[in-house]
A.B. asks: 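Before anything else, here's the structure in question.
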2 protein chains.
Amino acid sequence: MIRYILLGFLKYKPMTGYELKQTIDHSTAHFWHAHHSQIYTTLRQMEAQGLVTSQMVFEEGQPNKRIYQISEAGRKALDEWLAQPLLEMSTIKEELLVRLFFSAQRDPLQVLAELAFQRQLHQQKLAQYQALTEIQHVEENAPALQRDAAFWRATLEMGIRYETTYLGWLEDTMRMIETL
Amino acid sequence: MIRYILLGFLKYKPMTGYELKQTIDHSTAHFWHAHHSQIYTTLRQMEAQGLVTSQMVFEEGQPNKRIYQISEAGRKALDEWLAQPLLEMSTIKEELLVRLFFSAQRDPLQVLAELAFQRQLHQQKLAQYQALTEIQHVEENAPALQRDAAFWRATLEMGIRYETTYLGWLEDTMRMIETL
DNA sequence: CATGCCATGTAAGGGGTTACATGATTTT
DNA sequence: AAAATCATGTAACCCCTTACATGGCATG
């Protein structure tokens with residue numbers, strides 16, 4: 001999966017593993033993230049498979065970089081993957097819900113504290129999303145990427161709605177526990 | 001993670017791997033699922049670690065079963081896990097959003113078809129959730145599990161809200177693509 | 001002087017998926 | 001006669017996480 005994200009970004013321009021990590025963190029991370037270790041190893045693999053090429057860049061006073069570029073085979077692999085529609089729903093793994101499911105015998109105050117902490121995390125996430133200006137910047141300054149930006153915005157919109165729903169549910173669930 | 005789900009269910013009553021699989025499919029599957037292969041191997045591991053015990057049951061005209069029971073160590077492990085509050089947000093892995101993020105250059109009709117298919121899947125999921133009567137059954141017939149049922153219902157409620165949000169977003173995103 | 005950022009990697013392990021494998025009974 | 005349900009397991013693999021490891025430059 002992460003391969004296609006890397007290919008997707010490399011289609012826009014050549015980048016280093018480090019830059020790809022930054023890019024992912026600022027865009028797809030809320031629906032698919034990756035650690036730098038995975039990114040570096042996957043890029044190596046992909047190079048061995050001919051999906052990308054790389055070249056080292058040595059600059060004085062700066063750390064060495066390895067810049068990756070998508071190959072024809074890489075473009076083809078990405079296009080083929082996109083052409084094959086997704087036929088299942090992605091499965092969710094929400095640890096908090098697992099914990100809540102089995103929390104009937106726990107001290108309600110501890111459960112409430114845990115939910116309150118999660119509320120904080122989700123509030124931060126939501127605020128983060130609403131503060132993102134990268135897409136708007138592209139929309140205003142890169143007319144060639146208008147169409148792309150619309151799709152990016154759609155995924156961001158899902159992130160915002162998800163966090164909003166989550167927060168509402170946390171509130172209601174806390175109220176439910178309080179009145180038990 | 002799956003270990004705690006298994007322990008959580010075994011706390012209610014002894015069960016076979018098969019029954020645990022069924023139980024998970026009808027309750028926690030929308031926020032944490034597992035294949036039977038994982039369940040069987042994890043139960044074996046857990047038995048080796050003393051978290052559960054098992055005994056074979058041979059009955060005429062019926063397949064052999066291995067019934068698992070939670071041990072004292074198992075109860076302790078579960079309680080300790082629940083006592084340790086979750087300090088991070090679960091990370092999401094939504095393949096559809098990855099695909100959409102990189103779909104600007106795809107044929108809009110194909111993207112729309114893919115989203116329409118996902119809408120169908122999510123409608124089915126939502127209908128499934130709304131048709132679940134197990135919790136209500138417990139609420140009406142097992143007064144000792146009232147409290148437990150309230151927590152189960154909360155997780156189901158999240159599933160319903162999630163699917164509702166997802167469907168609304170799919171509709172809006174499809175409309176956005178149509179008007180591009 | 002310490003923290004943070006830039007930049008890249010390796011290694012071990014775990015968790016989870018997919019596929020292989022079997023076989024009896026019940027339902028359509 | 002075929003498909004579904006009950007019932008349990010093994011094996012290979014892959015993806016991902018966590019930890020280990022290094023080192024220079026810039027900023028406070």
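In the text below, chain A, chain B and the rest are named by the order of the sequence lines, each starting its count at 1.
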A.B. asks: Following the transitive rule for hydrophobic clusters with a side-chain heavy-atom cut-off under 4.5 Å over Ile, Leu, Val, Met, Phe, Trp and Tyr, establish whether B:Y12 and B:L51 coincide in one cluster.
C.D. replies: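 Looking at the clustering, B:L51 is in the same group as B:Y12.
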
A.B. asks: How long is the gap from CE on B:M56 to OG1 on B:T16, to the nearest 0.5 Å?
C.D. replies: 11.0 Å

A.B. asks: Verify the contact: side-chain N or O of A:W32 to OP1 or OP2 of D:dC15, cut-off strictly under 4.0 Å; return yes or no.
C.D. replies: no

A.B. asks: Starting at atom CD1 of A:I67, determine the distance to atom P of C:dG9, rounded to an integer number of angstrom.
C.D. replies: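 From A:I67 CD1 to C:dG9 P: 12 Å.
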
A.B. asks: Do B:L121 and B:Q118 have side chains that approach each other closer than 4.5 Å (heavy atoms only, starting at C-beta)?
C.D. replies: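 Touching, per the 4.5 Å side-chain cut-off.
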
A.B. asks: In terms of side-chain heavy atoms of B:T41, which of C:dC6, D:dT10, D:dC16 is nearest?
C.D. replies: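 Taking heavy atoms from C-beta onward, the closest nucleotide is D:dT10.
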
A.B. asks: Would one find a side-chain N or O of A:Y40 under 4.0 angstrom from OP1 or OP2 of C:dG9?
C.D. replies: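 For C:dG9, neither OP1 nor OP2 has a side-chain N or O of A:Y40 closer than 4.0 Å.
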
A.B. asks: In this structure, how many angstroms lie between the C1' atom of D:dC16 and the CD1 atom of B:I92, rounded?
C.D. replies: 17 Å

A.B. asks: A:E19 has an atom CD; how far is it from atom P of C:dC6, in whole Å?
C.D. replies: 10 Å

A.B. asks: For a side chain to side chain donor-acceptor pair (under 3.5 Å) check, start with the C-alpha distance between B:Q49 and B:R3, then their side-chain angles and the critical distance, and finish with the verdict.
C.D. replies: CA-CA 11 Å; B:Q49 292 161 359; B:R3 334 157 50 73; 2.6 Å; yes

A.B. asks: We want to know whether B:W169 and B:T173 form a side-chain donor-acceptor pair, criterion being a heavy-atom distance below 3.5 angstrom.
C.D. replies: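 B:T173 and B:W169 do have a side-chain donor-acceptor pair below 3.5 Å.
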
A.B. asks: Mind calculating the distance between CG (B:D25) and P (D:dC6) to the nearest angstrom?
C.D. replies: 11 Å

A.B. asks: Quickly work out the A:L43 CG to C:dT10 P distance and round it to whole Å.
C.D. replies: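 Rounded to the whole Å, the gap is 12 Å.
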
A.B. asks: B:Q38 CD to D:dA12 C1': how many Å, rounded?
C.D. replies: 15 Å

A.B. asks: Is the phosphate of C:dC6, meaning OP1 or OP2, less than 4.0 Å from a side-chain N or O of A:Y18?
C.D. replies: yes

A.B. asks: Could you state the atom-to-atom distance from NZ of B:K65 to P of C:dA24 in whole Å?
C.D. replies: 18 Å

A.B. asks: Compare side-chain N and O positions of B:H35 against OP1 and OP2 of C:dA19 and report whether any pair is under 4.0 Å apart.
C.D. replies: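 No, B:H35 has no side-chain N/O under 4.0 Å of OP1/OP2 on C:dA19.
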
A.B. asks: Taking atom types as they are modelled, would you say the side chain of B:S37 forms a donor-acceptor pair with the base of C:dT18 within the 3.5 Å cutoff?
C.D. replies: yes

A.B. asks: Do any side-chain nitrogens or oxygens of A:R44 fall under 4.0 Å of OP1 or OP2 in C:dG9?
C.D. replies: yes

A.B. asks: Are OP1 or OP2 of D:dC15 and a side-chain N or O of A:R3 less than 4.0 angstrom apart?
C.D. replies: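 No.
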
A.B. asks: May I have the distance from A:F58 (atom CZ) to C:dA7 (atom C1'), rounded to whole angstrom?
C.D. replies: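 Distance check: A:F58 CZ to C:dA7 C1' gives 13 Å.
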
A.B. asks: Would you mind telling me which residue lines up with the more 5' stretch of DNA chain D, B:K93 or A:P63, judged by nearest nucleotide?
C.D. replies: B:K93

A.B. asks: OP1 or OP2 of C:dT8 versus the side-chain N and O atoms of A:T16: is any pair under 4.0 Å?
C.D. replies: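 For A:T16, the contact criterion (side-chain N or O under 4.0 Å from OP1 or OP2 of C:dT8) is met.
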
